[in-house]
Each structure stands twice: as structure tokens, then as C-alpha cells.
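First the structure, in the form of C-alpha cells, and then the observations on it.
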Amino acid sequence: QVQLVESGGGLVQPGGSLRLSCAASGSSFSIYIMGWYRQAPGKRRELVAAVTSGGSPNYADSVKGRFTISRDNAKNTVYLQMNSLKPEDTAVYYCHFRSEYLYDYWGQGTQVTVSS
């Protein structure tokens, strides 16, 4: 019954910025890890960034220095600030929550397109 609702995707020019949000609705639960994955056409889904309940972040090498992940525990919401976007960042971005019982929840995906 838990559903993750994503927003913030769209079309942006190279060098531009986007901010993705993902909020959980439904039954209350404690979230251990919040993160973002992405999948480009013809490629495997890859981890972009994740953050623990204590606020410790982890990033893929390809986005370090450009993307910032953050979470609002009171709102069960995770954010991904994406700066200096490149065409290779084009993908469907999926948010992911892992509960205290190690149960995984996935968003429906939001399209990010970086093109001039």
C-alpha cells in the first residue's frame, strides 16, 4: 500500500539543473535508506546516489561533484539536486526506499532528458 510519488523530471539543456523529489504515501514506516537509480535505453539500471537515516551519502563516480542527495525524515521525502547536467545523464530516474525491515519500495520513474 506504500506508494512513492516522484516529481521534477523534464527537459533541460546541457549545463542546466533539475531537482527531483520523491515522497512516500500510505502506511507509516521507518526508512533506513533513501536513494535514486537511473536507467538509460539499452543499459542496466544503476545506482546514482543514496543516503542513510543518519544522513551519510554515497554517489556514483559519474555524478560526484554535480549531484546532491538529501532527505527530510519528517516528510518521508528524498531529493536529488542535479547540476551541470550532461547528455549522458539522460535516463529514467527511479527513487528507492528501504525500510527498517529491509523491504524495498520503488517509484514509477521520471524522465530526465538533457539535450540542446
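Here, residue 1 is the first one in the sequence, and each next residue gets the next number. All values derive from a computational prediction rather than experimental measurement.
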Is it true that, when you exclude Tyr59 itself, more than 12 heavy atoms of the residues, nucleotides or ligands shown sit nearer than 6.0 Å to its OH?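 Counting other residues, nucleotides and ligands, OH of Tyr59 exceeds 12 neighbours.
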Starting at [atom1] of [X], measure out to [atom2] of [Y] and round the result to the nearest 0.5 Å.
{"X": "Ser56", "Y": "Ile33", "atom1": "OG", "atom2": "CD1", "value": "10.0 Å"}
{"X": "Ser30", "Y": "Tyr101", "atom1": "OG", "atom2": "OH", "value": "8.5 Å"}
{"X": "Leu11", "Y": "Ser116", "atom1": "CG", "atom2": "OG", "value": "9.5 Å"}
{"X": "Arg19", "Y": "Gln81", "atom1": "CZ", "atom2": "CD", "value": "6.0 Å"}
{"X": "Leu80", "Y": "Arg71", "atom1": "CG", "atom2": "CZ", "value": "14.0 Å"}
{"X": "Ser84", "Y": "Phe67", "atom1": "OG", "atom2": "CZ", "value": "9.0 Å"}

Is there a side-chain contact (heavy atoms from CB on, under 4.5 Å) between Val112 and Met82? Walk through the geometry before answering. CA-CA 10 Å; Val112 172; Met82 304 185 293; 3.9 Å; yes
Ignoring hydrogens, what is the shortest heavy-atom contact between [X] and [Y]? Give both atom names and the distance.
{"X": "Val2", "Y": "Ala24", "result": "CG1-CB, 4.4 Å"}
{"X": "Ala50", "Y": "Leu47", "result": "CB-CD1, 4.3 Å"}
{"X": "Ser115", "Y": "Pro14", "result": "C-CD, 3.7 Å"}
{"X": "Arg98", "Y": "Asp104", "result": "NE-OD1, 2.7 Å"}

Before you tell me yes or no, could you show the steps for Cys95 and Tyr105 under side-chain contact (heavy atoms from CB on, under 4.5 Å), namely the whole-Å CA-CA distance, both residues' side-chain angles and the distance that decides it to 0.1 Å? CA-CA 8 Å; Cys95 62; Tyr105 302 91; over 6 Å; no
I'd like to know if [Y] and [X] are part of one continuous hydrophobic network [Ile/Leu/Val/Met/Phe/Trp/Tyr, side-chain heavy atoms within less than 4.5 Å].
{"X": "Tyr32", "Y": "Ile69", "answer": "no"}
{"X": "Val114", "Y": "Leu18", "answer": "yes"}
{"X": "Met34", "Y": "Leu4", "answer": "yes"}
{"X": "Val51", "Y": "Tyr103", "answer": "yes"}

Between the side chains of Ser17 and Asn83, does any donor sit under 3.5 Å from an acceptor?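 Ser17 vs Asn83: donor-acceptor pair found between side chains.
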Would you check, one step at a time, whether the test side-chain contact (heavy atoms from CB on, under 4.5 Å) holds for Ile31 with Asn73? CA-CA 8 Å; Ile31 303 170; Asn73 293 326; over 6 Å; no
Report yes or no: is the cationic atom of Arg45 (NZ for Lys, CZ for Arg) under 6.0 Å from the centre of the six-membered ring of Tyr94, at an angle within 45° of the ring normal?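 So Arg45 does make the cation-pi contact.
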Check Glu6, Arg38, Gln111, Gln39 against Tyr93 for a side chain to side chain donor-acceptor pair (under 3.5 Å) and give me the one that passes.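 Output: one option passes, namely Arg38.
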Any donor-acceptor N/O pair, Arg66 side chain to Ser62 backbone, under 3.5 Å: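 Checking the backbone N and O of Ser62 against the side chain of Arg66, a donor-acceptor pair under 3.5 Å is found.
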Salt-bridge present (Lys64, Asp61; N to O < 4.0 Å):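 Answer for the salt bridge query: yes.
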Show the numbers, then the answer: is there a side-chain contact (heavy atoms from CB on, under 4.5 Å) between Phe97 and Cys22? CA-CA 10 Å; Phe97 288 8; Cys22 179; 4.3 Å; yes
For the ring pair Tyr37 and Trp106, is the centre-to-centre distance below 6.0 Å?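 Ring centroids of Tyr37 and Trp106 are less than 6.0 Å from each other.
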